[in-house]
Protein chains: 2
Amino acid sequence: MREMTLPESGPKRKLLDAAERLFAERGMDAVSIRDITDVAKTNVAAVNYHFGSREALMSWVMARVVVPIHEERLARLDGLERKWSGKAVPVEEIIDAIAKPIVGQARKSGLSESPFYKLVGRIFAQQADGLPKEIEAQLVYENDRFKRAFAKALPSVGEDELGWRMHFMRGGLIHLLTHQELPHRQARGRSADASMDAIVGRWVRFSAAGLREGVEPVTSSKKGPQELFDF
Amino acid sequence: MREMTLPESGPKRKLLDAAERLFAERGMDAVSIRDITDVAKTNVAAVNYHFGSREALMSWVMARVVVPIHEERLARLDGLERKWSGKAVPVEEIIDAIAKPIVGQARKSGLSESPFYKLVGRIFAQQADGLPKEIEAQLVYENDRFKRAFAKALPSVGEDELGWRMHFMRGGLIHLLTHQELPHRQARGRSADASMDAIVGRWVRFSAAGLREGVEPVTSSKKGPQELFDF
DNA sequence: GTCTATAAAGTGATAGAC
DNA sequence: GTCTATCACTTTATAGAC
């Protein structure tokens with residue numbers, strides 16, 4: 001685990017917590033420095049003294065949310081690759097390693113679940129824009145690791161096609177995180193299991209099917225040369 | 001086609017055009033009344049005189065973008081249901097009816113393609129939030145029509161499950177519209193066809209596979225996706 | 001209808017007292 | 001380190017002249 005130099009307490013920590021809560025509740029653009037210092041019970045100058053600017057504070061907030069998810073994802077993927085020792089990891093398990101860390105971190109977070117998911121979704125939606133360069137690079141590495149895992153599991157899917165399918169998949173996750181409440185409203189009380197785990201499970205299966213589109217199911221041994229056109 | 005009372009020319013039209021362009025280029029939150037009146041070459045009071053408020057102008061801009069797409073979607077769905085006369089419409093064709101109108105309207109729009117797609121994506125992302133109530137109701141109706149069409153094609157998929165799968169599907173489309181450039185960057189020059197038509201085609205197939213997850217393929221008559229690729 | 005001038009409130013950032 | 005006071009701007013909206 002890379003250690004981030006983030007304070008355990010003190011005013012910096014109070015500002016980060018306050019900003020995170022407000023960003024989650026209202027969206028990044030709708031929170032002023034004064035809103036943050038009011039909640040953190042510091043003076044208005046504290047943000048600029050401790051972080052240099054509102055922008056810099058925003059970066060730290062995003063980093064603090066994203067980095068643990070990133071690290072848990074890589075740890076899970078490492079684990080899977082060890083478990084399957086060189087062989088391709090099944091698609092569903094790879095996708096699981098993308099989604100589960102979000103649910104896990106939501107519980108560890110001081111925020112309630114729904115705002116936390118919205119915050120994470122918004123951060124992923126703007127695709128790391130505004131994150132410190134160093135962390136952006138980590139996310140690029142993460143994306144590459146997962147892409148290679150998928151490529152191994154789906155050798156007949158061309159590289160460009162795979163990139164797009166991962167893009168669509170990610171979009172589904174972001175929409176789920178930021179607008180969890182919409183399908184819930186439609187399913188008035190009927191819903192079998194409304195927990196995030198269940199919903200994420202639906203997303204995993206949906207995405208796995210999408211990624212596998214056009215790929216012949218492996219019945220017993222390798223089938224004939226497919227030569228799928230990947231438009 | 002429902003006729004909207006939108007001016008063909010004059011200052012109202014100039015303001016709508018300017019606002020649309022700026023919203024598309026910079027995002028809804030990053031455009032001030034002054035930015036708009038500067039581009040429209042009117043005085044600052046014009047927005048409030050003609051529309052009452054910045055918010056109201058925003059609603060009109062969104063409506064003007066969304067309504068033609070909405071109407072073309074319904075027209076296409078009507079056409080498909082006529083064509084298949086009561087029988088279930090194939091999933092790919094329904095999804096096509098969701099996506100194609102966006103590409104069509106992009107060409108009719110005065111904006112260049114990329115900003116137009118971003119604008120549409122952002123409007124869909126906030127799920128009609130901020131739209132006039134009347135138009136929001138139209139979108140709810142549209143969603144219901146498409147959901148019923150999918151339900152007919154996929155009778156073994158439960159209603160809640162279908163709602164979630166459509167949600168994931170929509171998320172993929174939104175992400176595609178708002179971040180079209182990301183996978184393009186990965187595929188440096190290799191890409192076979194980078195047109196929006198081709199990308200939307202990829203999304204249609206991805207989504208169809210996701211919607212069909214767990215559904216037994218119909219083996220009775222000619223199977224396979226042969227005649228479905230009309231992109 | 002069009003325009004200027006201005007109100008009233010908010011913004012991020014900072015100088016300088018303590 | 002903490003805080004107040006304030007700067008220099010920007011925001012939406014509107015009153016009132018033309």
Among the nucleotides D:dA13, C:dT14, D:dA15, whichever has the atom closest to the side chain of A:Val44 is C:dT14
*Between B:Lys118 and B:Gln180: side-chain donor-acceptor atoms closer than 3.5 Å*: no
Exercise. Do A:Met62 and A:Gln126 come close enough that some side-chain heavy atom pair is under 4.5 Å?
Worked result: yes
Closest to the side chain of A:Pro11, out of D:dC3, D:dT2, C:dT2, is D:dT2
Quick note, A:Ile33 side chain, CB onward, closest among C:dG12, D:dT11, C:dT2 is C:dG12
(message) Any donor-acceptor pair, under 3.5 Å, between the side chain of A:Arg34 and the base of C:dG10, if you only look at N and O atoms?
(response) no
B:Lys41 NZ to C:dT4 C1', in whole Å, measures 20 Å
Between CZ of B:Phe51 and P of D:dA13 the distance, given in whole Å, is 13 Å
Side-chain atoms of A:Arg54 come closest, of C:dG12, D:dA13, C:dA15, to C:dG12
From CZ of B:Arg13 across to C1' of C:dG1 the rounded distance in Å is 20 Å
With the side chain defined as heavy atoms from C-beta on, A:Asn43 is closest, among C:dA13, D:dT14, D:dC3, to D:dC3
**Request:** Check step by step if side-chain hydrogen bond (donor to acceptor under 3.5 Å, both in side chains) holds for B:Asn143 and B:Arg148.
**Result:** CA-CA 9 Å; B:Asn143 187 66; B:Arg148 274 183 281 146; over 6 Å; no
Query raised in the report: Between B:Arg54 (side chain) and B:Val31 (backbone), is there a donor-acceptor pair under 3.5 Å?
Result: yes
Side-chain atoms of B:Tyr49 come closest, of D:dA13, D:dT2, C:dT2, to C:dT2
Separation of C:dG1 atom P from B:Leu15 atom CG, nearest Å, is 13 Å
Quick note, B:Asn48 side chain, CB onward, closest among C:dT4, C:dT2, D:dA13 is D:dA13
